[in-house]
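A short worksheet on the structure shown next.
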Amino acid sequence: MVRRLKASGHENLLLRSREELDLTEQSQVRRFFEAERPDVVLMAAARVGGIYANNAQPAQFIRDNLLVQDNVIDCAYRNGVTKLVFLGSSCIYPKLAPQPIKEEYLLTGPLEPTNEWYAIAKIAGIKMCQAFRREFGFKAISLMPTNLYGPGDNFDLQSSHVLPALIRRVHEAKIRAEATVTVWGTGTPRREFLHVDDLADAILHLLYAYDDEPIVNVGWGEDVTIRELAELIVSVADYEGHLIFDSSKPDGSPRKLLDTSRLAGLGWHPKISLAQGIKSTYEWFKTHSAEARL
Ligand code: GFB
């Protein structure tokens with residue numbers, strides 16, 4: 001977001017790191033909003049992670065996300081913020097939702113158990129935004145991105161998402177001349193991936209082009225199997241070893257392809273293909289190993 005905002009001339013950015021401002025602490029959030037009184041709030045703050053972290057830390061995922069969004073949305077409203085953008089994730093939809101997933105499928109079936117804690121928190125955030133709009137006329141919009149990736153990602157092998165994890169596993173296997181790379185699960189689940197720069201562009205577009213209660217999906221429009229993703233990363237890294245699939249690890253949702261016709265109707269389309277995005281993210285990973293979150 002910062003890259004995208006600066007690229008379009010936005011210089012008056014209020015930025016705080018987690019160390020500088022703990023958004024789970026209501027008193028700190030109140031002091032910040034009363035002192036700074038921002039005009040617009042773009043919420044990218046959340047406790048996030050891949051399937052393993054979501055499943056292993058249910059309490060932290062539901063608690064931290066509920067606290068952060070409750071504090072920020074309420075303080076933003078109390079301090080006259082004119083527009084707030086809340087971000088969720090495609091895991092809010094039922095595990096076996098029809099594909100592609102329309103926004104109206106929200107709360108029409110059981111969630112994927114490995115991420116229900118995070119999903120419930122995000123659904124509460126959506127409902128809080130909608131309730132504040134109804135009762136107070138607060139201009140909050142909620143965007144539901146698909147699985148994201150790109151520069152600056154978390155590459156930790158336990159807590160990260162699949163794409164950065166496989167980039168790191170394949171890269172390290174290549175430089176160590178290891179014969180195989182292990183992929184979690186069966187390789188059959190399908191996932192849709194969107195580059196973070198495309199998401200930032202969509203957020204800026206909708207900030208100005210959308211002001212209503214219904215949530216809006218943000219996706220690429222196509223998906224791949226985890227096996228196809230791994231094979232794409234192997235070819236980008238020019239790795240000559242073999243993939244092994246560890247079916248003792250959870251597959252999670254069988255598929256999460258978003259219907260993005262509402263977004264298209266609002267005049268936005270993604271630009272960065274998966275192949276392009278993996279290439280640039282791999283280059284970033286190789287040249288930023290010092291700052292990559294490992
Ligand atoms: O990206 P990922 O962790 O999230 O996993 P989800 C996607 C698929 O990749 C799963 C498989 O089927 C994993 O089993 N996978 C294979 C791996 N190898 C790996 C690996 O090394 N690391 C990881 N992480 N996965 C998350 C939700 O679900 O999606 C979050 O838990 C959020 O709350 C996020 O919504 C976008 O797509 O399964």
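Both backbone and side-chain heavy atoms feed into the values below; hydrogens, waters and symmetry mates do not. Every number for a ligand or one of its atoms is a count from 1 in the order of the listing.
Summary of contacts: the protein heavy atom closest to atom 1 (O) of ligand 1 is Val162 N, 2.9 Å. For atom 38 (O) of ligand 1, the closest non-hydrogen atom of the protein is Arg191 NH2, 3.1 Å. Looking only at protein heavy atoms, the nearest one to atom 18 (N) of ligand 1 is Trp184 N, 3.0 Å. From the protein, the heavy atom lying nearest to atom 27 (C) of ligand 1 is Asn115 OD1, 3.6 Å. In this structure, the protein non-hydrogen atom closest to atom 8 (C) of ligand 1 is Ile226 CD1, 3.6 Å. Of the protein's non-hydrogen atoms, Ile51 N, 2.7 Å is the one closest to atom 3 (O) of ligand 1.
For the pair Asp22 and Arg16, the salt-bridge criterion is not met [side-chain N within less than 4.0 Å of a carboxylate O]. In this structure, Arg168 pairs ionically with Glu172, as a charged nitrogen and a carboxylate oxygen lie closer than 4.0 Å. Taking a cutoff of 4.0 Å between a charged side-chain nitrogen and a carboxylate oxygen, Arg31 and Glu34 do not qualify as a salt bridge. Between Glu213 and Arg134 there is a salt bridge, since at least one side-chain N of the basic residue sits less than 4.0 Å from a carboxylate O of the acidic one. No salt bridge links Arg169 with Glu178; every basic N to acidic carboxylate O contact stays at or beyond 4.0 Å. In this structure, Arg3 pairs ionically with Asp197, as a charged nitrogen and a carboxylate oxygen lie closer than 4.0 Å.
Taking each of Gly252, Pro189, Gly185, Pro250 in turn, the one with a heavy atom nearest to atom 13 (C) of ligand 1 proves to be Pro250.
Applying the 4.0 Å criterion to heavy atoms of Ser89 picks out, from ligand 1, the atoms 32 (C), 35 (O), 36 (C). Applying the 4.0 Å criterion to heavy atoms of Gly49 picks out, from ligand 1, the atoms 30 (C). Atoms of ligand 1 lying under 4.0 Å from at least one heavy atom of Tyr118, given by number and element, are 33 (O). The distance from ligand 1 to the heavy atoms of Ser160 drops below 4.0 Å at these ligand atoms: 24 (N). Taking every non-hydrogen atom of Lys256 and a distance limit under 4.0 Å, the qualifying atoms of ligand 1 come out as 6 (P), 26 (C), 28 (O), 29 (O), 37 (O). Of all atoms in ligand 1, listed by their number and element, those nearer than 4.0 Å to a heavy atom of Val183 are 16 (C), 18 (N). Taking a cut-off of under 4.0 Å to the non-hydrogen atoms of Ala165, the atoms of ligand 1 that pass are 20 (C), 21 (O), 22 (N). Near Asp251, meaning under 4.0 Å from any of its heavy atoms, are these atoms of ligand 1: 10 (C), 12 (O).
Note on ligand 1: Lys249 sits outside its first shell, no heavy atom being nearer than 4.0 Å.
Checking each of Val218, Leu42, Leu143, Leu148 against Leu87 for a side-chain contact (heavy atoms from CB on, under 4.5 Å) leaves exactly one that passes, namely Leu143.
Between Phe155 and Trp284, the ring planes lie parallel to each other; the angle is under 30°, not in the 30° to 60° tilted range. Using bins of under 30°, 30° to 60° and over 60° for the plane-to-plane angle, the ring pair Tyr77/Phe136 lands in the parallel bin.
Ligand 1 has an N or O atom lying under 3.5 Å from an N or O atom of Asn54, backbone or side chain. Not one N or O of Ser253 is nearer than 3.5 Å to an N or O of ligand 1, by distance alone.
Following chains of ILVMFWY side-chain contacts shorter than 4.5 Å, one can reach Leu14 starting from Val68, so the two form part of one hydrophobic cluster.
Here Tyr282 and His171 bring their ring centres to under 6.0 angstrom of each other.
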